[in-house]
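Treat the numbers as computed from the prediction; the structure is a model and nothing was measured. Chain identifiers are assigned alphabetically (A, B, ...) following the order of the sequence lines, protein sequences preceding nucleic acid strands; residue numbering begins at 1 within each chain.
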There are 2 protein chains.
Amino acid sequence: MLLRPVGWVESPLVDPASAPKQGDEGAPEASVVLEAEFAEALDGVGEGDELILLTWLDRARRDVLRVHPRGDESRPEQGVFATRSPHRPNPIGLHRVEVVSIDGAKLVVRNLEAVDGTPVVDVKPVLSADAAER
Amino acid sequence: MLLRPVGWVESPLVDPASAPKQGDEGAPEASVVLEAEFAEALDGVGEGDELILLTWLDRARRDVLRVHPRGDESRPEQGVFATRSPHRPNPIGLHRVEVVSIDGAKLVVRNLEAVDGTPVVDVKPVLSADAAER
């Protein structure tokens, strides 16, 4: 179960501690730059689409099972699977973003809180609630 | 970027070819059985909660970049990043499920279309649309 990066985040965000906790909490516009060999896998993705990006949170800890939600020590500790903490046994980030523009293997997106240099491991469309439209 | 299973799917579904394409398209009740060492990470997850499970689709192909959406050859091929095909460079499955019950390290869930024996790599809560409730 070995992941390989399919691309990388380019973002003005560089410090995980000061980045927004979620993409809809004030993240700046950012880019996803895919490795050239994977550009073909974007065929069918268009401007305005909503996507789910999966990233590898390479600065996270993997040995943490309990955290204060959102790092707020006034809240009681919970298991990491009840939170979106980056610290978890497999530190995969899940980000719902909107495509602003596409140029070859580069996607400009809204609502991405991952920091600059974060490896991207998968890109998926957000599914329509109507199965007939999938 | 090495994933380790945190648990496994137990399901009456055994054949990927005949399993529903998405969990809300007729999946039977199924279970997620976590390794005992990770049970603590579930603290705070409750019955009725909506979760996102990430799985490792161990029977998928990793060398496929274009597919007919939903395996329907009447539809033109698209890039795998525009589809939810299991075949993709990093075959991570994303499943939105509802918790029916919890017993220790075992979660019974609705709307899981992954087949029996699929490794589970992460469990995340579905976020409230209201950031103040996260």
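Contacts of B/T83 with chain A are made by backbone atoms alone, with heavy-atom separations under 4.5 Å and no side-chain atom involved. At a 4.5 Å heavy-atom cutoff, A/P91 makes no contact with chain B through either its backbone or its side chain. Contacts between A/V120 and chain B at a heavy-atom distance below 4.5 Å are absent for every atom of the residue. For B/E40, the parts sitting under 4.5 Å from any heavy atom of chain A are the backbone and the side chain alike. Only the side chain of B/D24 comes within less than 4.5 Å of a heavy atom in chain A; its backbone stays farther off. Using a 4.5 Å cut-off between heavy atoms, B/L54 touches chain A through its side chain atoms alone. With a 4.5 Å cut-off on non-hydrogen atoms, A/R4 touches chain B through its backbone and its side chain both. Residue contact with chain A, scored on non-hydrogen atoms closer than 4.5 Å, is absent for B/V99.
For the atom pair CG of B/D122 and CG of A/N90, the computed distance is 6.5 Å after rounding to the nearest 0.5 Å. Here the CE atom belonging to A/M1 is positioned 9.0 Å from the CD1 atom belonging to B/I92, to the nearest 0.5 angstrom.
In this structure the side chain of B/L94 reaches within 4.5 angstrom of the side chain of A/L94, judged on heavy atoms. Between B/R134 and A/K21 there is no side-chain heavy-atom pair separated by less than 4.5 Å. When side chains are defined from C-beta on, B/L53 does not count as touching A/F81, because their heavy atoms never get closer than 4.5 Å.
The backbone N or O of A/P125 lies less than 3.5 Å from a partner atom in the side chain of B/R84, making a donor-acceptor pair.
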